[in-house]
Amino acid sequence: MKEDLHILLQRALQSLEGSLRSGPVDPQLIVLDRARDSAHGDFASNIAMRLAKAAGKPPRAIAEAIIAALPASPIVERVEVAGAGFINFFLAKDLYARELVRIHEQGEAYGRHRPEHPRKVLLEFVSANPTGPMHVGHGRQAAFGDALGNVLAAAGDVVTREYYINDAGRQTEILAVSVWVRYLEACGEVLKFPENGYRGDYIRPVAHALHQREGNALRHPVTTVFEGLPADAPEGDKEKHIDALIARCRTLIGEPAWERVLESSIAAMLAEIRDDLDGYGVHYDNWISERAFTQGGAVDRALERLRAKDLLYVKDGAEWFKATQFGDDEDRVVVRENGVKTYFASDIAYHLDKRERGFDLLIDVLGADHHGYVTRVRGGLQAFGHSGDCLEAPLIQLVALFRNGVKMSMGKREANFVTLRQLREEVGNDACRIFYLMRSNDQSLDFDLDLAKSKSNENPVFYVQYAHARVASVMKELAVRGMEYDAENARQIVLDRGASLLAGPQAEAMLSCVSRYPEVIRQSATQRAPHALVHYLRELATTLHAFYNAERVLVPETEIRSARVYALLAVQQVLRNGLEVLGVSAPESM
RNA sequence: GCGCCCGUAGCUCAGUUGGAUAGAGCGCAUGGCUACGAACCAUGAGGUCGGGAGUUCGAAUCUCUCCGGGCGCGCCA
């Protein structure tokens, strides 16, 4: 609807190029918005005001000229100049009724855009370390990433979802040693658990499984294990302590056994994460293992290329990347003094690989605490000649969980924290997702458990789902009463007399709102803002509820009934499409 | 100290390529079920858009500055 109008405006401006003294007008410049006040018509454009300065003419004069140059079209009833130079479009009355027909014809595809040359987008999100279960912060990232992927796909991008498994590096070694220490306990040893280990209960089953497989083969007396290690916190340094413990473990049990512990621990954590995401309805196209990626030599090759470009140098025994050349605050280490490559090194290679796989746009959904990291990764891409713009990193602000009005602690190394699974089981997937998605990603979120569970009106999921179910209920009632509804017949009635049959403030508001859906999808994609869709769906549900309360649907008059049912089914379709994009179910009854 | 995010109605928040009278939900007040689901609807009260300055036809939106809150600033990931 909006696109048709946009084309008319473009044509008008093209024909005026000479007289406006402003040269060709970039179509991007043409802003066309829904009028907030119906007195201003259906759509309004401020293009005349934007051109006024360059053209050296008053906005209203330009507006008049544009209107005069506007090609005749059946969709436009009349056009006015208003205010400082707004061009207000009043559309043909039957246009909204015709849009209903379009919704019925396109069904699930309504609102989806099909550009000629779709972008290839790589969307990486969650990528939580496989060192424990996902927490409520990951839940927000998962909901956002998944919905954003759906929104982009609906807007016409080809989206690939990827999970990068951080299964290399120190954190996984800490995981393995945590499992081993719990294993020692399972063997009957009594000891003090390291401060910097993963102390969560989820470690214990992994340790018990290890005990079942290995028996006491990896058991060593506590005195041997801790003999001569640097002191743990609070007296000593917990980092030094755990690193020494890792080294001790590897010596005592041997490298082959260490590898078994490491791999089985990671596999167990990863299985739980995949299971969690699966249960949450989040599915990936690719799972990329950092270890496999590194072992394939990709990181070494990337570093070699950087050396060849003279973008690495050695200082203090470590090798550094000249990140400052690309806007970072300081240069960054890629190879540590001990010869081990940093996570950043593999991330450079990984992002380079994404581009070399042919993706136009890379999106990393990150927790807000990673914001300082983005510049250097972008710098890595720029070092290989890629534009910095090809990487975007929407930051997801923190989630604070409240129960009974009390904020709950969330550290992964703490014994007790609320997992995503617990949250889902407590409040349900749908409420969970909507709650996460209704706020802008750069707004921190207080997740009130009691509120999400209470089925109160403050949780819009019920409101929107109820609107959807309500239409289903009307259809059931129609059948119960034995009333006639023929879709083809209704279509013809709406095409012929839709504007008059669906008149009245509530019907008009509903029809106008439902026709906005394609615009909302586009805007939501452009702004990387799934929450805009949540707000829209709530608004659409409002117009449906208002219409339902104002007008009786199942009336004896066939034409009126058909038109109203036809309209409700169209709104229901759009609600379903929108909920689908958000990853929320659209129930027939509640 | 530096960087990023946030500050809008009593509460939680929408509103960013600058546009017409700043919106929604909750809460509060009042009203609506003997006909399709009242998990709903209708009406109303409620604002110096954190403060100040600037840019211009026009600023919640852009710039500067100050205040307040959150998060980062590792040879961790």
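Keep in mind it's a predicted model, so treat the numbers as computed, not measured. In the text below, chain A, chain B and the rest are named by the order of the sequence lines, each starting its count at 1.
Judged by atom type and distance alone, Asp33(A) does not reach the base of A20(B) through any side-chain donor-acceptor pair under 3.5 Å.
Remark: Phe326(A) pairs with Leu311(A), Phe321(A), Gln382(A), Ala383(A) by the side chain to side chain contact (heavy atoms under 4.5 Å, CB included) rule, at least two apart or across chains. Take Ser127(A) and apply the side chain to side chain donor-acceptor pair (under 3.5 Å) test, not counting sequence neighbours, and it matches Glu124(A). Residues forming a side chain to side chain donor-acceptor pair (under 3.5 Å) with Ser38(A) (at least two apart in sequence, or on another chain): none. Legend: residues meeting side chain to side chain donor-acceptor pair (under 3.5 Å) with Glu272(A), ordered by chain and number and at least two apart, are absent. Gln325(A) pairs by the side chain to side chain donor-acceptor pair (under 3.5 Å) definition with nothing, not counting sequence neighbours. Not counting sequence neighbours, the partners of Ala298(A) by the side chain to side chain contact (heavy atoms under 4.5 Å, CB included) test are Phe293(A), Arg301(A).
Within residues 237-247 of chain A, no residue places a heavy atom under 4.0 Å from RNA chain B.
For the OP1/OP2 pair of C26(B) and a distance below 4.0 Å, the side-chain nitrogens and oxygens of Tyr463(A) include no atom meeting the criterion. Contact annotation: His531(A) does not reach the phosphate of C13(B) (side-chain N/O to OP1 or OP2, under 4.0 Å). For the pair Arg50(A) and U17(B), the criterion of a side-chain N or O lying under 4.0 Å from OP1 or OP2 is not met. In terms of phosphate contacts, Arg336(A) brings a side-chain nitrogen or oxygen within less than 4.0 Å of OP1 or OP2 of C76(B). When the side-chain nitrogen and oxygen atoms of Arg538(A) are compared with OP1 and OP2 of A24(B), none of them lie within a distance under 4.0 Å.
Sorted by first and then second residue, the side chain to side chain donor-acceptor pair (under 3.5 Å) pairs involving residues 366-380 of chain A (not counting sequence neighbours) are Asp347(A)-Tyr373(A). Among pairs with a residue in residues 541-554 of chain A, those fulfilling salt bridge (Lys or Arg N to Asp or Glu O under 4.0 Å) read Glu551(A)-Arg564(A), at least two apart in sequence or across chains.
In this structure, of C13(B), C40(B), U17(B), it is U17(B) that holds the atom nearest to the side chain of Val31(A). Comparing atom distances between the Tyr343(A) side chain and each of A14(B), A77(B), A39(B) picks out A77(B) as nearest. The side chain of Asn46(A) has G19(B) as its nearest neighbour among G19(B), G37(B), A77(B).
Computed from coordinates, the Asp328(A) CG to G74(B) P distance equals 11 Å when rounded to whole Å. As a whole-Å value, the separation of Leu537(A) CG from A14(B) C1' is 14 Å. For Arg522(A) and U17(B), the CZ to C1' distance is 15 Å, given to the nearest whole Å. Between Leu540(A) atom CG and C41(B) atom P the separation is 13 Å, expressed in whole Å. Going from atom CD of Glu539(A) over to atom P of A14(B) covers 16 Å, rounded to whole Å. Here C40(B) presents its C1' atom at 17 Å from NE2 of His468(A), a figure rounded to the nearest Å. With rounding to whole Å, Arg516(A) atom CZ is found 13 Å from G15(B) atom P. If you take CD of Gln443(A) and C1' of A14(B), they are 10 Å apart, rounded to a whole angstrom.
To the nearest 0.5 Å, atoms CD (Glu162(A)) and CG (Asp364(A)) are separated by 10.0 Å. Once rounded to the nearest 0.5 Å, the distance linking CD1 of Ile66(A) with OG of Ser45(A) reads 7.0 Å.
Rounded to whole Å, the C1' atom of C13(B) lies 16 Å from the corresponding atom of C5(B). Across the P atoms, G46(B) and G10(B) are found 11 Å apart, a figure rounded to whole Å. Look at the P atom in both C2(B) and A45(B): the space between them is 47 Å, to the nearest Å. A gap of 15 Å separates the P atoms of U8(B) and G70(B), to the nearest Å. Using P as the reference atom, G50(B) and U12(B) are 14 Å apart when rounded to the nearest Å. Atom C1' of U21(B) sits at a distance of 15 Å from the matching atom of A60(B), rounded to the whole Å. Across the P atoms, G3(B) and C41(B) are found 47 Å apart, a figure rounded to whole Å.
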Let me have a per-nucleotide readout for nucleotides 42-47 of chain B, 5' to 3', with B, S or -, counting only protein heavy atoms under 4.0 Å. S-----
Carefully, step by step, assess Phe435(A) and Phe447(A) under the rule ring-ring contact (aromatic ring centres under 6.0 Å, His included). CA-CA 8 Å; Phe435(A) 230 80; Phe447(A) 200 121; 4.8 Å; yes
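Nucleic acid contact class of Asn88(A) (heavy atoms, under 4.0 Å, all strands): base.
Figure legend: cation-pi geometry between Arg78(A) and Phe90(A), with NZ or CZ positioned under 6.0 Å from the six-membered ring centre and within 45° of its axis.
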All N/O pairs under 3.5 Å across the protein-nucleotides 67-73 of chain B interface:
residue	atom	partner	partner atom	Å
C71(B)	O2	His371(A)	NE2	3.4

Check the interface with nucleotides 32-36 of chain B: list each N/O to N/O pair with the protein under 3.5 Å, or write none.
residue	atom	partner	partner atom	Å
A35(B)	O2'	Arg481(A)	NH2	3.2
C36(B)	O4'	Arg481(A)	NH2	3.1
C36(B)	O2	Val553(A)	N	3.4
C36(B)	O2	Leu554(A)	N	2.9
C36(B)	N3	Val553(A)	N	2.9
C36(B)	N4	Tyr548(A)	O	2.7
C36(B)	N4	Glu551(A)	O	2.9

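Contact check on Glu539(A) versus Arg516(A) returns a salt bridge, with a Lys/Arg side-chain nitrogen under 4.0 Å from an Asp/Glu carboxylate oxygen. A salt bridge links Arg170(A) and Asp243(A); the closest N-O separation between the charged side-chain nitrogens and carboxylate oxygens is under 4.0 Å. At a threshold of 4.0 Å, the pair Arg250(A)-Glu173(A) counts as salt-bridged, since one of the basic side-chain nitrogens sits closer than that to a carboxylate oxygen.
The closest donor-acceptor contact from the side chain of Arg561(A) to the backbone of Pro556(A) lies under 3.5 Å.
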